[in-house]
Undergrad: 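The structure that follows is given in the form of C-alpha cells.
Since this is a predicted model, take the numbers as computed values, not measurements.
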Amino acid sequence: MADKKNRNVSQKEPLVCGIASSLENEYSTYYKDTFNFDGSPTDYDLEEMFSNPQDNIADIVSYSKYCYRKYGVIMRLINMYRDFGCTALHLDYTEDNEKAAEVIKNYNKKVGLVQLVREMIFELAETGNLACYDRNGKRVDIYPIDQIEVVPYIVNNKQVIAYKINQDYENNDYDSKTLQKISKAYPKEVLKAQKSGNRIAILDIDKAYFAKINSSQYEKYGITVLLPAFEDLAHKNLLKAAEKSTATAIIDKIMLTQIGDKDNIPTTPLIQEYDKILQNMSGSISMTVPYYVNMKFIEPETAVFGAEKFIEIDKDILNTLGVSVSLLRGEGGGSYSDGIVNFTGLCKSIEAVRQPIIPIIEGLWKAELKRNKIDPRYAPSLRFEEVVIDKAAKTELLTKLFTEAGLPYELLYEGCGFDYDHVKLLRKKENDGDTEDTFKLHAQPFQGQQTVNDGGAPKKNDSERKTDKSKSNNKQARP
C-alpha cells in the first residue's frame with residue numbers, strides 16, 4: 001500500500017525523507033548516571049539539604065568535602081580560613097605560677113598546639129562541626145562528624161556527644177597483631193560499648209569537646225560555610241561537564257540520515273531499514289551507503305562555552321561566600337577600597353569560625369593541670385592575634401591617641417594585641433624584682449673610658465685646634 005502511494009508522487013519535485021536517531025556512548029551514559037539535571041552528583045539532593053539541613057548533615061558534610069577536592073577555588077578558600085585564622089597564639093596568665101606555666105608549655109609542645117589549631121579551624125570551616133577527644137594529655141583526636149552523634153543533653157555547659165559503633169575490621173587485610181592493637185586503640189567508653197553490643201558510646205564529658213558554627217543553639221549540628229555556594233558549584237560542574245563533553249564528543253549527537261533523490265524515491269521499508277541499522281549502537285561507527293543516502297552528525301554549538309562564563313560563575317560562588325576573585329586569585333580589577341572592605345569581611349568570618357576553638361583549648365589546659373595536681377585556676381586564657389590590614393598604621397594611631405589624647409593604658413595594650421592584666425602582672429614582677437638592675441646595658445668595645453662631661457661645646461684635640469688656628473690666620477689681610 002505504501003509503495004502504491006509512493007508511485008503516485010510527482011516526479012517533478014524531489015522527495016527527501018529523513019530519520020533521526022540519537023547515538024549515546026559510554027561517556028554520556030556515565031554523565032546521566034552520575035549527575036543530576038542541576039549538575040550535582042546523583043547521590044545528593046540539594047533542595048533537601050537547603051530545606052532540612054539537620055536531617056541531612058551527613059550529605060552536607062560529604063558534599064562539602066567533595067567540593068573541596070574537586071574545585072580549586074573552594075580548596076583555596078578553605079585553606080585561607082585555616083592559614084589566616086591560625087595567627088599567633090597568646091597565653092595570658094592572670095596569676096603567677098611558674099610550675100603551671102612550665103606544664104602548659106610542655107603540653108603545647110607534646111600535642112603540637114599550632115598544628116592542632118590549624119586542623120580545628122580547617123574542620124570547622126569545611127564541615128561546620130568539631131568533635132575532639134583528649135587522650136589523657138598525650139594527643140587530641142579529631143573525629144569525623146559522621147561518626148559522632150550529638151546527644152540532646154548538656155552537662156556544666158558542655159555538649160554531650162556519642163561515638164557511633166560501626167567499625168568492623170574482621171574483613172580487612174590486617175594481621176592479627178595489628179587488629180588487636182586497633183581494637184584496643186579506641187577510648188575506654190567505646191570499647192565498653194562494643195563489648196556490650198551498644199549502638200553508640202557516650203564519650204566522657206571531661207574528655208570530649210564539641211563546637212559548631214552557623215546554627216542556632218537548639219540545633220544539634222553546625223553548617224559549613226560552603227553550603228550557600230552548593231547551587232552555584234553544581235552549576236559550574238554542569239558547565240564544565242558540558243564543555244568537556246562537547247570537546248570530546250561526549251554529548252549525545254544527532255544522526256541525520258537523508259534518503260533518496262528525484263531519481264530514487266524513498267520507500268517506507270527503506271527508511272525503516274536504515275533506522276534499524278542505527279539501533280543499539282554507540283560510540284564511533286562506520287557505514288557504507290548508496291550515493292542517494294546522506295548521513296551526518298548534527299553537533300551542538302560550542303560557542304556558548306568560554307572562559308568568561310566560568311569567571312562569572314566563580315564570582316557568583318565567591319560573592320556568596322563573601323570573597324572576591326581578586327582576593328583569592330590575585331587577579332581581576334576592583335578598587336583598593338573594595339579590596340579592603342572584602343578583606344575585612346573575610347577576617348570577620350575567620351574570627352567567627354575560630355572563636356569556638358578558644359574554650360576547647362582552655363579546657364584542655366585545665367585538664368592537663370589537674371593531671372599534674374595543679375589548681376586549674378592557674379591555666380592561661382587563649383587569645384588569637386588579630387588579623388589586621390595595616391598593623392603599622394594601627395600602632396601609629398594608638399600611640400598618637402595615647403600621647404595626645406590621653407588614651408588609657410588598658411586600651412593601648414589591648415589595641416596592640418596584648419592582654420592588659422597579663423602585662424600588668426609582668427610589670428609588677430619587674431618592679432618588685434628590680435629587673436632594670438638585672439638587665440644593665442653592656443659596655444660597647446668602641447666606647448672606651450667614659451668620662452663625665454660638664455656640658456658646653458664638645459672639646460677638640462690638639463690637631464683640631466691647630467687646624468682652626470691656621471684657617472683663622474689665612475683669613476687675615478696681608479700687608
Side-chain angles (χ1 to χ4, degrees), residues 61 64-65 68 75-93 100-148 150 158-161 163 185-190 203-214 221-222 224-225 347 349-372 374 376 378-387 417 419 422:
V61 171
S64 176
K65 292 178 179 292
Y68 176 81
M75 178 176 285
R76 288 192 293 272
L77 176 66
I78 296 297
N79 290 347
M80 282 180 70
Y81 269 82
R82 178 197 63 200
D83 299 336
F84 275 78
C86 191
T87 54
L89 306 177
H90 297 282
L91 284 64
D92 299 324
Y93 292 88
E102 186 66 23
V103 168
I104 296 300
K105 180 180 178 181
N106 293 334
Y107 175 79
N108 294 342
K109 184 177 181 180
K110 183 167 48 177
V111 301
L113 183 63
V114 174
Q115 181 60 29
L116 177 63
V117 170
R118 287 170 59 88
E119 293 174 358
M120 287 179 169
I121 295 174
F122 178 86
E123 188 72 15
L124 274 171
E126 187 183 41
T127 71
N129 300 271
L130 175 63
C132 305
Y133 190 85
D134 181 7
R135 303 307 289 263
N136 296 320
K138 297 178 181 179
R139 62 168 280 116
V140 178
D141 291 339
I142 297 179
Y143 294 139
I145 192 59
D146 57 354
Q147 199 64 46
I148 295 298
V150 177
K158 282 188 66 178
Q159 178 67 57
V160 179
I161 58 176
Y163 190 91
Y186 290 105
K188 293 180 179 179
E189 309 94 284
V190 177
L203 296 179
D204 189 340
I205 191 65
D206 293 326
K207 297 180 180 181
Y209 299 86
F210 178 76
K212 63 180 182 177
I213 60 173
N214 299 330
Y221 299 98
T224 173
V225 297
C347 290
S349 299
I350 292 173
E351 290 173 359
V353 168
R354 72 184 185 182
Q355 189 64 29
I357 296 175
I358 293 178
I360 294 179
I361 300 298
E362 292 176 350
L364 292 169
W365 284 338
K366 292 178 181 179
E368 180 67 9
L369 291 180
K370 286 182 180 179
R371 280 189 288 267
N372 287 271
I374 301 176
Y378 291 111
S381 59
L382 174 65
R383 179 171 46 86
F384 287 102
E385 185 169 309
E386 183 184 5
V387 180
D419 181 80
H422 181 60

Undergrad: For the backbone of Glu126 and the side chain of Ser64, can you confirm whether one donor and one acceptor N or O come within less than 3.5 Å of each other?
TA: yes

Undergrad: Under 30°, 30 to 60°, or over 60°: which ring-plane class applies to Tyr221 and Phe210, parallel, tilted or perpendicular?
TA: perpendicular

Undergrad: Are Asp134 and Arg371 within salt-bridge range, i.e. N to O under 4.0 Å?
TA: yes

Undergrad: Quick one: does Lys158's side chain have a donor or acceptor within less than 3.5 Å of a partner on Ile205's backbone?
TA: yes

Undergrad: Looking at Glu351, Arg354, Glu385, which one forms a side-chain hydrogen bond (donor to acceptor under 3.5 Å, both in side chains) with Thr87?
TA: Arg354

Undergrad: Short question: side chain of His422, backbone of Tyr93 - any donor-acceptor pair under 3.5 Å?
TA: yes

Undergrad: Please check if the number of heavy atoms outside Lys366 that lie under 6.0 Å from its NZ is greater than 12.
TA: no

Undergrad: Within the supplied structure, the quantity of interest is the number of heavy atoms (other residues, nucleotides, ligands) at a distance under 6.0 Å from Lys110 NZ; does it exceed 12?
TA: yes

Undergrad: Is the closest side-chain donor-acceptor distance between Glu189 and Tyr133 under 3.5 Å?
TA: yes

Undergrad: To the nearest 0.5 angstrom, please state how far the CD1 atom of Ile161 sits from the CD1 atom of Ile148.
TA: 4.5 Å

Undergrad: Verify whether the ring centers belonging to Phe122 and Tyr81 lie closer than 6.0 Å.
TA: no

Undergrad: Rounded to the nearest 0.5 Å, what separation is found between the NZ atom of Lys105 and the CD atom of Glu102?
TA: 5.5 Å

